[in-house]
Amino acid sequence: MKLKNILFVVNDIEVSKAFYKDLFGLHVTLDMGENVMLTEGLVLQERKLWESFTGKTVMQGSHDSELYFEENNMDGFLAKLEAYGDKIQYVNPVEEVYGQRVVRLYDPDMHVIEVKEV
C-alpha cells in the first residue's frame, strides 16, 4: 500500500489554486473542475462536492493537521508572505526553533501550513 495524495476540502477552488501556486510554487497537474490535483500530491476538492460524497458537513479550522514545507530561501518566502498582505492569517509568528526559523499560517480555508528553514 502507498499513500498517494493529501486532499483538502476548499470553499473556492480558484482562490486555493492561486494561493498554492503564488506562495508555494505548486502547479495544477489535473483539473477536473471541482477536483484539482497539484504537484507534490496535494488535491483540492470543493466543499459542496466533498459534502455530497460523504454526507457530512465540513468543519474548518480544526487544527488537527498541517502541511509541512521546507524552504531554502526563508527570507524570500517571508517576503512573499508580506507581499500577500492581509490575506495571510498566521497561526504563529516567525519563531526560531533549534536554530531554524519556522512560521505557521492558514490557507484560505483555515488549513494549517508550516514552513521551516532548511
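Heavy atoms only: backbone and side chains are in, while hydrogens, waters and symmetry mates are out. Along the sequence shown, the residues carry numbers beginning at 1.
In terms of the side-chain hydrogen bond (donor to acceptor under 3.5 Å, both in side chains) criterion, Glu40 has no residue partners (sequence neighbours excluded). By the side chain to side chain contact (heavy atoms under 4.5 Å, CB included) test, Asp75 pairs with Asn73, Arg101, sequence neighbours left out. Evaluation of the side-chain hydrogen bond (donor to acceptor under 3.5 Å, both in side chains) rule for Asn5 yields no partner, not counting sequence neighbours. Looking at residues two or more places apart in sequence or on another chain, you find a ring-ring contact (aromatic ring centres under 6.0 Å, His included) between Phe24 and Phe19, Tyr20, Phe69, Phe77. Legend: residues meeting side-chain hydrogen bond (donor to acceptor under 3.5 Å, both in side chains) with Tyr68, ordered by chain and number and at least two apart, are Glu70. Listed by chain and residue number, nothing satisfies the side-chain hydrogen bond (donor to acceptor under 3.5 Å, both in side chains) test with Asp12 (two or more places apart in sequence, or in another chain). Every residue two or more places apart in sequence or in another chain that forms a side chain to side chain contact (heavy atoms under 4.5 Å, CB included) with Thr54 is listed here: Trp50, Lys56. With sequence neighbours excluded, the residues that form a salt bridge (Lys or Arg N to Asp or Glu O under 4.0 Å) with Glu66 are Arg104.
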Kindly indicate, with the supporting measurements, whether the criterion side chain to side chain contact (heavy atoms under 4.5 Å, CB included) is fulfilled by Glu114 and Asn92.
-> CA-CA 9 Å; Glu114 177 177 334; Asn92 309 97; over 6 Å; no
Mind running side chain to side chain contact (heavy atoms under 4.5 Å, CB included) on Tyr106 and Val112 for me, showing each step along the way?
-> CA-CA 5 Å; Tyr106 296 106; Val112 177; 4.0 Å; yes
Show your reasoning for whether side chain to side chain contact (heavy atoms under 4.5 Å, CB included) applies to Arg47 and Asp109.
-> CA-CA 10 Å; Arg47 170 183 252 171; Asp109 296 284; over 6 Å; no
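A single hydrophobic cluster is not seen to contain both Val58 and Val15; linkage of ILVMFWY side chains at heavy-atom distances under 4.5 Å, directly or through other members, places them apart. The cluster map of Ile, Leu, Val, Met, Phe, Trp and Tyr, joined by side-chain heavy atoms under 4.5 Å apart, puts Leu7 and Leu49 in different clusters. Linking Ile, Leu, Val, Met, Phe, Trp and Tyr residues whenever their side-chain heavy atoms come within less than 4.5 Å places Ile88 and Leu78 in a single cluster. One hydrophobic cluster, built from ILVMFWY side chains closer than 4.5 Å, holds both Tyr90 and Tyr84. Leu3 and Leu26 fall within a single hydrophobic cluster, where Ile, Leu, Val, Met, Phe, Trp and Tyr are joined by side-chain heavy atoms under 4.5 Å apart, directly or via other members.
Using modelled atom types, one finds no donor on one side chain facing an acceptor on the other under 3.5 Å when comparing Asp107 with Ser16.
Rounded to the nearest 0.5 Å, atoms CG (Asn11) and CG (Leu44) are 11.5 Å apart. Summarising the geometry, atom CG belonging to Leu23 is positioned 9.5 Å from atom NZ belonging to Lys87; distances are rounded to the nearest 0.5 Å. In this structure, CD1 in Ile6 is found 8.0 Å from CG in Leu42, a value given to the nearest 0.5 Å.
Side-chain heavy-atom separations under 4.5 angstrom define the hydrophobic clusters, and the remaining members of the one that includes Val102 are Val97, Tyr98.
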Side-chain donor-acceptor distances from residues 30-39 under 3.5 Å, at least two apart:
residue	atom	partner	partner atom	Å
Asp31	OD1	Gly33	N	2.9
Asp31	OD2	Lys17	NZ	2.9
Asn35	OD1	Gln45	NE2	3.1
Thr39	OG1	His27	N	3.0

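In this structure, Glu95 places its CD atom where more than 12 heavy-atom neighbours from other residues, nucleotides or ligands lie under 6.0 Å away.
When each of Lys116, Glu117, Glu71 is tested with Gln100 by the rule side-chain hydrogen bond (donor to acceptor under 3.5 Å, both in side chains), just one qualifies, namely Lys116.
Across all their heavy atoms, Gly61 and His63 have their closest contact at O-ND1, 3.0 Å.
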